[in-house]
**Student:** 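Take a look at this one; I'll ask things after.
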Amino acid sequence: MTTSMLAYLARRTPSTGASYLTRRGFASDSAPVRKVAILGAAGGIGQPLSLLMKLNPLVSRLALYDISGTPGVAADVSHINTRSEVLGFAGEEQLEKALKGADVVIIPAGVPRKPGMTRDDLFNINAGIVKSLCGAVAKYCPHALVNVISNPVNSTVPIASEVFKKAGTYDEKRLFGVTTLDVVRAKTFYAGKAKVNVADVNVPVVGGHAGVTILPLFSQATSSANLANEEIEALTKRTQDGGTEVVEAKAGKGSATLSMAYAGAIFADACLKGLNGVPDVVECSFVQSTVTDLPFFASKVRLGKNGVEEVLGLGALSDYEKQGLEALKPELKSSIEKGIKFANA
């Protein structure tokens, strides 16, 4: 790996504070054989995500799938001198080969947001894509950890769960909605406002992955800073509207693809570490949960060899966060029910 890539890996600071390299606990040449499949690898998120996963020393085989364009992406990425073997697969007839033997499946497939669109506007297209792909996952790699990026995550994760239930393969410990971008944004915005080193910042983000369902817990942020209530409210609003901020800045020419790819790579790395037995791997994710009265909820999750080892509680909340928690529940409940209804239609 290049010096700059090693520097990047060393700077990567997960929830428990150690670097990407030291947290692995072993050299890349002795890492277990792990296959990662990316479904939607030729898209705006899929391409940079493919690049980042090729740079991950925990990946030994990288399968890139999309309806078209993946052989070119795979050829390009395969020239990078890192550990993993890269293969590209295009079209439904090659989906089985892409998925067979996968330890982690990442699903960024679907259409992106455009100006004026909400995540619900994406539902009709992306819901069908996720339902179809999860049917293939259930058939060809039923024990893989499944990381759902395709929006609206508040609905697509429940869809995936129903597909797996029908197939008789559902394991709530192995299904994740990737909400890491909300955490990434909260850390960045908080560090900027508090004027602290972003590498030292951690902010749990709970709830869901759309608008008001996104609830950053700035009262639990580290490093702590004495920010005024109005500053916390502004940071919360900006975190909730982060996707819209990018969509509008790109003026109709894209959505949050690069930062989402980064966030997806961070979460997939955490899953791989958990599978490999690295202790105390904790990330926020949208999972089946009993933390609230909702069947799915994003909170801190401890990852291990079976996926979810423990869904962690919310901890102490400020009055503002308690209000936000109650305010998000109706919308999140509706989105979950919408996904379940679609899957069973």
**Student:** Using modelled atom types only, decide if a donor and an acceptor are shared between the side chain of Lys250 and the backbone of Ser255 within a distance under 3.5 Å.
**Tutor:** yes
**Student:** So how far is it from Leu133 CG to Leu95 CG, rounded to the nearest 0.5 Å?
**Tutor:** 6.5 Å
**Student:** Using the test ring-ring contact (aromatic ring centres under 6.0 Å, His included), find all partners of Phe297 that sit at least two apart in sequence or belong to another chain.
**Tutor:** none
**Student:** Go through the structure and list residues passing side-chain hydrogen bond (donor to acceptor under 3.5 Å, both in side chains) with Lys97, not counting sequence neighbours.
**Tutor:** none
**Student:** With heavy-atom distances below 4.5 Å as the criterion, would you say the side chains of Leu39 and Leu99 are in contact?
**Tutor:** yes
**Student:** Within the supplied structure, the quantity of interest is the number of heavy atoms (other residues, nucleotides, ligands) at a distance under 6.0 Å from Leu294 CG; does it exceed 12?
**Tutor:** yes
**Student:** Same cluster for Val246 and Tyr190 if Ile/Leu/Val/Met/Phe/Trp/Tyr side chains link at under 4.5 Å?
**Tutor:** no
**Student:** How about CD on Glu92, more than 12 heavy atoms from neighbouring residues, nucleotides or ligands closer than 6.0 Å, or not?
**Tutor:** no
**Student:** Within this structure, what is the CZ-OG1 distance for the pair Arg185 and Thr180, rounded to the nearest 0.5 Å?
**Tutor:** 11.5 Å
**Student:** Determine, stepwise, if the pair Asp66 / Val73 fulfils side chain to side chain contact (heavy atoms under 4.5 Å, CB included).
**Tutor:** CA-CA 10 Å; Asp66 215 319; Val73 176; over 6 Å; no
**Student:** Taking atom CD1 as the centre, does Ile80 end up with more than 12 heavy-atom neighbours from other residues, nucleotides or ligands that are less than 6.0 angstrom away?
**Tutor:** yes
**Student:** Quick one: CD on Gln323 to CG on Asp319, what's the gap to the nearest 0.5 Å?
**Tutor:** 6.5 Å
**Student:** Just jot down the ring-ring contact (aromatic ring centres under 6.0 Å, His included) partners of Phe189, sequence neighbours excluded, or say none.
**Tutor:** none
**Student:** Looking only at heavy atoms, what is the nearest atom pair of Leu87 and Ala74, with distance?
**Tutor:** C-CB, 3.9 Å
**Student:** The test is side chain to side chain contact (heavy atoms under 4.5 Å, CB included); show your working for Asn147 and Cys271 and say whether it passes.
**Tutor:** CA-CA 9 Å; Asn147 297 356; Cys271 288; 3.8 Å; yes
**Student:** Quick one: list whatever passes side-chain hydrogen bond (donor to acceptor under 3.5 Å, both in side chains) with Arg61, sequence neighbours left out.
**Tutor:** none
**Student:** Hey, does the side chain of Lys329 reach the backbone of Gly207 with a donor-acceptor pair shorter than 3.5 angstrom?
**Tutor:** no
**Student:** Checking the side chain of Ser334 only, and the main-chain atoms of Glu331 only, is there a donor and an acceptor separated by less than 3.5 Å?
**Tutor:** no
**Student:** Does the side chain of Thr236 reach to within under 4.5 Å of the side chain of Ile232, using non-hydrogen atoms?
**Tutor:** yes
**Student:** Between Met260 and Leu258, is there a shared hydrophobic cluster once you connect ILVMFWY residues whose side-chain heavy atoms come closer than 4.5 Å?
**Tutor:** no
**Student:** Does Asn154 reach the main-chain N or O of Leu332 with its side chain, forming a donor-acceptor pair under 3.5 Å?
**Tutor:** no
**Student:** Working to the nearest 0.5 angstrom, can you tell me the gap between Ser60 OG and Asp103 CG?
**Tutor:** 7.5 Å
**Student:** Quick one about Lys338 and Ser155 (side-chain donor to acceptor, distance below 3.5 Å, no hydrogens or angles considered), yes or no?
**Tutor:** no
**Student:** Between the main-chain N or O of Ile340 and the side-chain N or O of Glu162, is there a donor-acceptor pair closer than 3.5 Å?
**Tutor:** no
**Student:** Using a 4.5 Å cut-off on heavy atoms from C-beta on, say whether the side chain of Arg34 contacts that of Leu58.
**Tutor:** no
**Student:** Not counting sequence neighbours, which residues clear ring-ring contact (aromatic ring centres under 6.0 Å, His included) with Phe176? List them please.
**Tutor:** Phe267
**Student:** Between Ile149 and Pro108, what is the shortest heavy-atom contact and its length?
**Tutor:** CB-CA, 3.9 Å
**Student:** Does Glu283 reach the main-chain N or O of Ala270 with its side chain, forming a donor-acceptor pair under 3.5 Å?
**Tutor:** no
**Student:** Counting only N and O atoms by type, is there a donor-acceptor contact under 3.5 Å from the side chain of Ser50 to the main-chain atoms of Gly46?
**Tutor:** yes
**Student:** Do Val206 and Thr179 touch side chain to side chain, with heavy atoms closer than 4.5 Å?
**Tutor:** no
**Student:** Contact between Phe286 and Thr156 at the side-chain level, heavy atoms closer than 4.5 Å - yes or no?
**Tutor:** no
**Student:** Leu317 and Leu314: which non-hydrogen atoms are nearest, and at how many Å?
**Tutor:** CD2-O, 4.0 Å
**Student:** Where does the angle between the aromatic ring planes of Phe342 and Phe123 fall among parallel (under 30°), tilted (30 to 60°) and perpendicular (over 60°)?
**Tutor:** perpendicular
**Student:** Show, in sequence, the C-alpha distance, side-chain angles and deciding distance for Val59 and Leu272, and conclude whether the side chain to side chain contact (heavy atoms under 4.5 Å, CB included) test is met.
**Tutor:** CA-CA 8 Å; Val59 181; Leu272 289 166; 3.8 Å; yes
**Student:** Has the side chain of Ser150 got a donor or acceptor atom that lies under 3.5 Å from a matching backbone atom of Ala109?
**Tutor:** yes
**Student:** What heavy-atom pair brings Ala41 and Thr70 nearest, and what distance separates the two atoms?
**Tutor:** CB-CG2, 3.8 Å
**Student:** Can you check whether Ala42's main-chain N or O pairs, donor with acceptor, with Gln47's side chain at less than 3.5 Å?
**Tutor:** yes
**Student:** Does any donor atom in the side chain of Glu321 or Ser219 lie under 3.5 Å from an acceptor atom in the other side chain?
**Tutor:** yes
**Student:** Rounded to the nearest 0.5 Å, how far apart are CG of Asn151 and CD1 of Ile125?
**Tutor:** 13.0 Å
**Student:** With the 4.5 Å side-chain cut-off for hydrophobic clustering, are Phe296 and Val212 part of the same group?
**Tutor:** no
**Student:** What's the spacing between Phe89 CZ and Leu64 CG if we round to 0.5 Å?
**Tutor:** 8.5 Å
**Student:** Dump the intermediate steps for side chain to side chain contact (heavy atoms under 4.5 Å, CB included) on Ile129 and Asn126, then the final yes or no.
**Tutor:** CA-CA 5 Å; Ile129 292 171; Asn126 288 358; 4.1 Å; yes
**Student:** Is there a path of hydrophobic side-chain contacts, each under 4.5 Å between heavy atoms of I, L, V, M, F, W or Y residues, that connects Tyr262 with Val178?
**Tutor:** yes
**Student:** Any non-hydrogen side-chain atom of Pro57 less than 4.5 Å from a side-chain atom of Arg83?
**Tutor:** no
**Student:** Could you report the tightest heavy-atom contact between Ala160 and Cys134, atom names first, then the distance?
**Tutor:** CB-SG, 3.5 Å
**Student:** Is the count of non-hydrogen atoms from other residues, nucleotides or ligands lying under 6.0 Å from Lys166 atom NZ greater than 12?
**Tutor:** yes
**Student:** Do you know the tightest heavy-atom contact between Leu215 and Leu325?
**Tutor:** CD2-N, 3.7 Å
**Student:** Taking 4.0 angstrom as the limit, do Glu337 and Lys341 come out as a salt bridge?
**Tutor:** no
**Student:** Within the distance-only criterion (no hydrogens, no angle test), does the side chain of Ser285 pair as donor or acceptor with the backbone N or O of Val287 below 3.5 angstrom?
**Tutor:** no
**Student:** Counting only heavy atoms from other residues, nucleotides and ligands, does the tally under 6.0 Å from NZ of Lys131 exceed 12?
**Tutor:** yes
**Student:** I'd like to check the side-chain hydrogen bond (donor to acceptor under 3.5 Å, both in side chains) partners of Lys173; sequence neighbours left out, ordered by chain and number.
**Tutor:** none
**Student:** State, yes or no, whether a side-chain contact exists between Cys284 and Asp182 at a heavy-atom distance under 4.5 Å.
**Tutor:** no
**Student:** Is there a chain of hydrophobic side chains (I, L, V, M, F, W, Y, each step under 4.5 Å between heavy atoms) that links Leu235 to Val198?
**Tutor:** no
**Student:** Do Gln220 and Asn202 come close enough that some side-chain heavy atom pair is under 4.5 Å?
**Tutor:** no
